[in-house]
Number of protein chains: 2
Amino acid sequence: MARPSKKNLLENGRRTVIDYESDTVRRILDAAESLFAANCFAGTRMEEIAAAAGVNKATIYYHIGDKEKLYDVVLTRHFAYFADRLERELADCRDPIEGLRGVIRIHAEGFSGNANAPRTIAHELAGGSRRTSPELLAIYARIHGVTDRFVRQGVASGRLRPVDTAVLQMLLAGSLLVSTINAPFRTRLAETLDKDQPPPMPSVLDIAAFLDSVVIAALETEPSDGNSPPLAQPTMQNG
Amino acid sequence: MARPSKKNLLENGRRTVIDYESDTVRRILDAAESLFAANCFAGTRMEEIAAAAGVNKATIYYHIGDKEKLYDVVLTRHFAYFADRLERELADCRDPIEGLRGVIRIHAEGFSGNANAPRTIAHELAGGSRRTSPELLAIYARIHGVTDRFVRQGVASGRLRPVDTAVLQMLLAGSLLVSTINAPFRTRLAETLDKDQPPPMPSVLDIAAFLDSVVIAALETEPSDGNSPPLAQPTMQNG
DNA sequence: CCTACCGATCGGTAGG
DNA sequence: CCTACCGATCGGTAGG
């Protein structure tokens, strides 16, 4: 356990900066992450988080802060994960189609690898993004920026039909997000639709494959024979 | 105010069946609907609902029941709205492409017309569908059934490429749902992306237009010249 | 005896 | 980091 220097301690005997090296902090954040995801902000009790982390409730206030601050740290960590991965793994990608497929893949992997992310984000969006800080919006802007780079590259080079980045990002990330969080719903629906032999319901990977093969393919300009039917302009703004 | 018959009253002086004709019941349900949507189940207080409805808290227990029951009634009403509209408005539609466009239109109109629906559904899905009753799943099965009818018709008649109904429904409804509930997030993001002149962010109608012109168009089989590039099979199951 | 509620308060638990 | 608490407020129910 890292021993904090004097400078890291202040008001009310609480820490002023969060020590992310501390194992206690990690346990608190991990416990908070899964509880906020399952029960949303209002439905999660501080005592519950403390118990899951194996610490006293007051320890959370010492290391991190109040419930709002703890939630903000958890939510920021979710967004930073995607911003970091997208920028790192697609930094060298110069092909817009490959780039957009990478955006789909990273969202699908991230959401299915840690369902706490899409669940917490869904709660936050559903609640009107009331606890979304400007810092968090800045991190999301990086995510938007990666997709936007490939869209602009693709349209400029003629490989992609004109499309609004925000519309595309919403379609890609939104459908992957919903397809992750509704897994329990789908399982029970499958039983409802066919009691005896429930058919397999689509996984997030099926949705990702659909987005790859249908949406991205539809946005690609045709090889050059010009025989394909005209495609309506998907959006009006962003002139 | 409708006067209930003897048969409608029972245990503990509470009503056994909900009188949907009662104006008091309507006010309670409307208040609960908007508060559950904004603050989710755990974040909504019974006292708050009562105040918004202009009744005493005990009146909710008399007319409807406890918090779980009230939530179930509200959530069921949301799903029933879509099931009813889809079945009614698309009952006579025999064209699979027009039918799927109708499914998109009704979801877009329903979500944007009453944002309480997508917000509450998002909270419920994010929370793991813990409060989703078998009766509610049966209502969703009707929604799935309408989309499934058009998919089967389209594939059987050769107008539509093979596609899994659950995947398509998830892509259509999911992206429309997210694009509705993240309106506040988008507004603030637009300001972050361009402080001086925030560009218009896509509305749910832009998403609906994109789904119409890109996704549905991509699923349509080509006119017959057979010159279009091959399209990968979107999904593997549902043989 | 009933309907349609209200004022007051219960045992427990939340954030701090 | 914990013990020992607080003001307030939660969902639900009593009697009238």
Side-chain angles (χ1 to χ4, degrees), chain A residues 1-6 8-29 31-32 35-36 39-74 131, chain B residues 1-29 31-32 35-36 39-74 130-131:
Chain A
M1 240 151 274
R3 179 157 289 248
S5 70
K6 279 187 183 177
N8 289 342
L9 284 169
L10 209 84
E11 297 154 40
N12 304 40
R14 287 187 192 172
R15 302 188 59 115
T16 49
V17 290
I18 299 171
D19 180 14
Y20 289 98
E21 303 297 308
S22 161
D23 190 63
T24 302
V25 168
R26 248 190 305 269
R27 290 208 313 279
I28 292 170
L29 292 182
L35 286 164
F36 281 139
N39 306 323
C40 89
F41 179 82
T44 301
R45 289 169 290 145
M46 292 296 270
E47 184 64 62
E48 201 179 7
I49 296 171
V55 300
N56 185 280
K57 193 170 57 172
T59 308
I60 299 175
Y61 290 86
Y62 169 77
H63 272 295
I64 290 158
D66 63 14
K67 199 185 182 187
E68 298 258 4
K69 174 65 179 170
L70 176 57
Y71 178 81
D72 183 59
V73 170
V74 167
R131 283 177 256 271
Chain B
M1 239 151 276
R3 178 158 289 248
S5 69
K6 280 187 183 180
K7 298 194 174 184
N8 286 344
L9 281 172
L10 207 85
E11 296 153 40
N12 304 41
R14 285 190 193 172
R15 299 189 60 115
T16 49
V17 290
I18 300 171
D19 179 15
Y20 289 99
E21 303 298 309
S22 161
D23 191 62
T24 303
V25 167
R26 247 191 305 268
R27 289 207 316 278
I28 292 170
L29 292 182
L35 286 165
F36 281 139
N39 306 323
C40 89
F41 179 82
T44 302
R45 288 170 289 143
M46 292 297 272
E47 184 63 61
E48 204 178 4
I49 295 171
V55 300
N56 186 280
K57 192 170 58 170
T59 308
I60 299 175
Y61 289 87
Y62 170 77
H63 272 295
I64 290 159
D66 64 14
K67 200 184 182 187
E68 298 259 2
K69 174 64 180 172
L70 177 57
Y71 178 82
D72 182 59
V73 170
V74 167
R130 277 174 295 175
R131 282 176 256 272

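Worth saying up front: this structure is predicted, and the values here are computed from it rather than measured. By convention in this document, chain letters (A, B, ...) are assigned in the order of the sequence lines, proteins followed by strands, and residues within each chain are numbered from 1.
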Practice problem: Starting from P on D:dT13, measure out to CG on B:Asp66 and report it in whole angstrom. | Solution: 7 Å
Self-check item: Rounded distance [0.5 Å steps], NZ in A:Lys57 versus CD in A:Glu47
Solution: 5.0 Å
Practice problem: May I have the distance from B:Lys69 (atom NZ) to D:dG11 (atom C1'), rounded to whole angstrom? | Solution: 18 Å
Quiz prompt | Length of the CZ-C1' vector between A:Arg26 and D:dC1, whole Å | solution = 17 Å
Self-check item: Student check: side-chain heavy atoms of B:Ile49 and B:Val55 closer than 4.5 Å
Solution: no
Exercise. Taking the side chain as every heavy atom from C-beta outward, state whether B:Arg130 and A:Asn39 have any pair of such atoms under 4.5 Å apart.
Key: yes
Quiz item: Rounded to whole angstroms, how far apart are CZ on B:Arg27 and P on C:dC5?
Solution: 8 Å
Quiz item: Which whole-number value in Å describes the distance from B:Ile60 CD1 to D:dT13 P?
Solution: 13 Å
Quiz item: Taking C-beta and beyond as the side chain, do A:Asp23 and A:Arg26 meet within less than 4.5 Å on heavy atoms?
Solution: yes
Quiz item: Can you give the dot-bracket line for DNA chain D, using ( ) for pairs inside the strand, [ ] for pairs that cross earlier ones, | for pairs with another strand and . for unpaired bases, where Watson-Crick and G-U count if both distances are under 3.5 Å?
Solution: ....||.|.||.|.|.
Exercise. Can you tell me the distance, in whole Å, between the OH atom of B:Tyr61 and the P atom of C:dA8?
Key: 19 Å
Quiz item: Taking C-beta and beyond as the side chain, do B:Ile64 and B:Lys69 meet within less than 4.5 Å on heavy atoms?
Solution: yes
Exercise. Mind checking the CG-OH spacing from B:Asn56 to B:Tyr61? Nearest 0.5 Å is all I need.
Key: 11.0 Å
Practice problem: Might you point out which heavy atoms bring B:Gly43 and A:Ala42 nearest each other, and give the distance in Å? | Solution: CA-CB, 3.3 Å
Quiz item: Considering only heavy atoms from C-beta outward, does the side chain of A:Val73 approach that of A:Tyr20 to under 4.5 Å?
Solution: yes
Self-check item: Nucleotide D:dG11, atom P - distance to NZ of B:Lys67 in whole Å
Solution: 4 Å
Quiz item: Parallel under 30°, tilted from 30 to 60°, perpendicular over 60°: which one fits the rings of A:Tyr71 and A:Phe36?
Solution: perpendicular
Practice problem: Could you state the atom-to-atom distance from CD1 of A:Ile49 to P of D:dC1 in whole Å? | Solution: 17 Å
Tabulated below should be each protein N or O lying under 3.5 Å from an N or O of nucleotides 2-4 of chain D; please produce it.
unit_1, atom_1, unit_2, atom_2, d
D:dC2, OP2, A:Asn56, N, 2.8
D:dC2, OP2, A:Thr59, OG1, 2.2

